[in-house]
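I have placed the structure first, in the form of structure tokens, so that the comments after it can refer back to it.
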Amino acid sequence: MTAVTTGTPAQAPSVGTGHTRVEGRDKVTGAARYAGEVPFAGLAHGWLVLSTIARGRISALDTEPVLAMPGVLAVLDHRNALRLETDYTGLMGMRPDPTWAVFQHDRVPHRGWPVALVVAETSEQAREAAEALVVHYEQEPHDVEFTGERPDAYPLDGHMPAVTQKGDLDAALASSPVVVDAEYTTPEEHHNPMEPHAATARWDGGQLEVIDSNQGVTWVAGELANLFSLDPASVRVRSEHVGGGFGSKGVRAHQVAAVMAATVLQRPVRVVLTRRQMFSLAGYRSPTTQRVRLGADTDGRLRALEHSAVSATSTVYEFVEPSAGVARVMYDAEAHHTANRLVRLDVPSPTFMRAPGEAPGSFALEAALDELAEKCGVDPIELRLRNEPDKGPVSGLPFAGRNLAACFREGARRFGWADRDPRPGVRRDGRWLLGTGTAAASFPAGAAPSTAAATALPDGTFTVRISAADIGTGARTALTLVAADALQVPPERIRMRIGDSAFGPAMIAGGSMGTRSWSWAVRAAAGELRERLALGADIPPEGITVRTNTAEAIAALPPAERHSFGAQFAEVAVDVGTGEVRVRRMLGVFAAGRIINPLTARNQLRGGMIWGISMALHEEAVRDRASGGHVGADLAGYHVATHADVPRVEADWIDDTDPDDPVGIKGIGEVGIVGAAAAIANAVWHATGVRHRALPIRPDRILSAAAGAPDA
Ligand code: MOS
């Protein structure tokens, strides 16, 4: 990093102080425009037609009557669609998911597969015509049933190796005086952001412009250039405001369909997904079945650890939910086996969903640790402290900071853990049984190459450009604070421009790596600009611009286990007469690097923890075996935690500045959900004495468990 060498009196730092969102006023007054709202002259509207069968092929589409309907301009399907290039490798080595590459063949691999796009003058006309389009199918028997016992499950390397093995597991288990052997399941879960997916595409003088809602404009632009065989320089994607993403807003069918229609019709075309369509086209988290086997000494020290996970994917794309990965970071044992396996079903392709792998994986692993604590008669926090590894259990690499123990100590103090009676089922408040539980959290901390530009203007203000995405995280505000400190000016003098692929390549808002990766580049550009200005340069009308690329600096980072950590605490009340579970309070204490903006950071961490409540008690997409589709594919049928479900949720952090990061950041986007569901499930055990190993912990599951329990 460049040192600042001028004699300017130091400005009070902006990083670390609470700052409301710089675009907050625009958002609450409606001035901020979202992708589905940007006006265009001559805009046409596309409406996707989705398959009503789960497997087979399209035998005919009766397009003639639909083309005669009012306002209808075109029907695109596999017979007349533009041919797309799908043989390429994109971001992070990922192959294009055929679900995006719309209308290329007559096969239907799942219910809700895009079979046609109807384009009309108005959105209403397009919808009317799309719903009138008769599609004939040759239907085949489908299989959508997920279980962990399927013999066709196979190991698959996703963004990590499928299998790791160290030591003789069976021997270590056989020689362990205490053994936990349990199976945990999590259901199919959906990350439906408030703002539906929406894209508008238009051609303008040989340039393709797409107004979109996504987590990475250069990512989407690159994929579109590949799919349509375009010069990357001729594709510009903008995504200024994003109403939530959570992993669902990458490249999806609607952008490709909009670009195809705009190309065919040579006029701007907008495609917006409905809430219902999002359930088959926006991706989701696969259900998981996880077996955890732990062998330990009587004092709780692990000798054997096995974490074996199975998830599902579609028949057209291999996406693995790597739930067993979390065990490779958290705990060591002389025999240590982990595996992620996959089964292929006639279902939509799953995708990244907040803390992919860690969210379901931590439920199983941290619940199993709680079972081990019970069996050993060791306090759950003490058990974890006894099993703190001094290096990566699988990698053998040193930890670049592992402040988990400090999180537990601080969390225990604030939560009042010392007063806890370890016996289950002994605390009561009227009809409620009360319990408390805890769990550990971790999530990888990384940075990826990004470019940024900082411009000094003659009026004393600065413009910073980076193709970052603010998907509700507060990234735009955080970057403003980082730039302000690097320039040693108040944040009000910075104009932060993001969400435009014309600003050059940058990391996506993903993997909890966005703000860290972008801050690195922004700080470098702004710091270098300040040095230039310190030399007393005259600022011309167009300003002075400094551009940076962090690729080299990031490649020079020494290999290490780099993660954020956290300790989750929950108190629940359970009515075993009605089956109702209420979370009374939660506390999360995190070691997640330097916190840029406490206001939005707390928001991020609490959001993750609240999702943990949702995951523990509510969320479950029910797939109908007969139709292959969902029962209740909307936010009435798919239950999420709402205000009435969310009590006092407190998130805080300890000082954990990352010495290897120029700003000290690790990343906070995902760690908040990790371990949250386990803490709640562990609290339900403490309240009732019954282990619930299947999520969500529904009232009927409490009731049937209570019916079999001796003291129910
Ligand atoms: Mo996140 S699941 O990397 O958007």
Side-chain angles (χ1 to χ4, degrees), residues 90-94 97 158-160 186 188-195 197 212-220 223 239 242-252 278 282-286 288 311 313 317 319-323 325-326 340 348-363 441-448 450 467-475 478 498-499 506-518 562-564 592-593 600 603-605 607-612 614-615 619 665-677:
L91 185 82
M92 299 188 299
M94 293 191 294
D97 180 342
H159 55 278
M160 61 177 75
T186 63
E188 178 179 325
E189 297 163 349
H190 286 256
H191 44 359
N192 260 269
M194 286 300 289
E195 181 208 13
H197 297 57
D212 190 28
S213 174
N214 67 49
Q215 295 179 227
V217 279
T218 51
W219 175 26
V220 172
E223 300 279 357
S239 174
V242 184
F246 314 114
S248 77
K249 283 188 176 157
V251 184
R252 314 240 51 116
M278 285 165 69
Y284 61 98
R285 191 189 317 278
S286 163
T288 73
S311 64
T313 193
Y317 190 74
F319 180 89
V320 60
E321 179 78 22
S323 303
V326 69
N340 292 307
S349 305
T351 192
F352 304 100
M353 172 164 153
R354 202 176 201 171
E358 281 80 2
S362 64
F363 164 63
S442 78
F443 196 81
S450 298
S467 71
D470 189 332
I471 61 174
T473 58
I498 64 171
M507 178 56 186
I508 63 167
S512 298
M513 291 162 70
T515 294
R516 178 175 180 190
S517 305
W518 305 320
R562 302 177 182 279
H563 308 271
S564 289
T600 49
N603 199 248
Q604 276 289 91
L605 294 166
M609 293 168 68
I610 290 166
W611 206 336
S614 207
M615 180 180 168
E619 293 191 36
I665 301 174
K666 275 188 176 171
I668 55 170
E670 288 160 282
V671 71
I673 192 176
V674 183

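Order of listing sets the numbers, starting from 1, for every ligand and every atom in it. Just so you know, residue 1 is the first one in the sequence shown, and it goes up from there. Note that the structure is a prediction, hence the values are computed from the model and not measured.
- Atoms of ligand 1 found under 4.0 Å from any heavy atom of Gly510, numbered from 1 in the order shown, are 3 (O).
- For ligand 1, the atoms lying closer than 4.0 Å to a non-hydrogen atom of Arg354 are 2 (S).
- Listed by chain and number, the residues in a side-chain contact (heavy atoms from CB on, under 4.5 Å) with Glu188 are His190, Tyr284, Pro287, Ala621, Arg623, His630 (sequence neighbours excluded).
- Atom 1 (Mo) of ligand 1 has its closest protein heavy atom at Glu670 OE2, 3.5 Å.
- Between Trp611 and the choices His191, Glu619, Glu670, the side-chain hydrogen bond (donor to acceptor under 3.5 Å, both in side chains) rule is met once, by Glu619.
- Residue contact check: Gly247 has heavy atoms under 4.0 Å from atoms 2 (S), 4 (O) of ligand 1.
- Those atoms of ligand 1 with a heavy atom of Gln215 less than 4.0 angstrom away are 4 (O).
- When the side-chain contact (heavy atoms from CB on, under 4.5 Å) test is applied to Pro322, the partners found at least two apart in sequence or on another chain are His159, Met160, Asn340.
- No side-chain N or O of Gln215 forms a donor-acceptor pair with one of Trp219 less than 3.5 Å apart.
- For ligand 1 and Phe352, the ligand atoms under 4.0 Å from any heavy atom of the residue are 2 (S).
- Atom CH2 of Trp518 is separated from atom CD1 of Ile665 by 11.0 Å, given to the nearest 0.5 angstrom.
- Near Gly511, meaning under 4.0 Å from one of its heavy atoms, ligand 1 places the atoms 1 (Mo), 3 (O).
- Contacts of Pro356 with ligand 1, taken as heavy-atom pairs under 4.0 Å, involve the side chain alone.
- The aromatic ring centres of Phe352 and Phe319 sit less than 6.0 Å apart.
- Contacts between Met353 and ligand 1 below 4.0 angstrom, taking non-hydrogen atoms only, involve the backbone exclusively.
- No side-chain N or O of Thr288 forms a donor-acceptor pair with one of Ser311 less than 3.5 Å apart.
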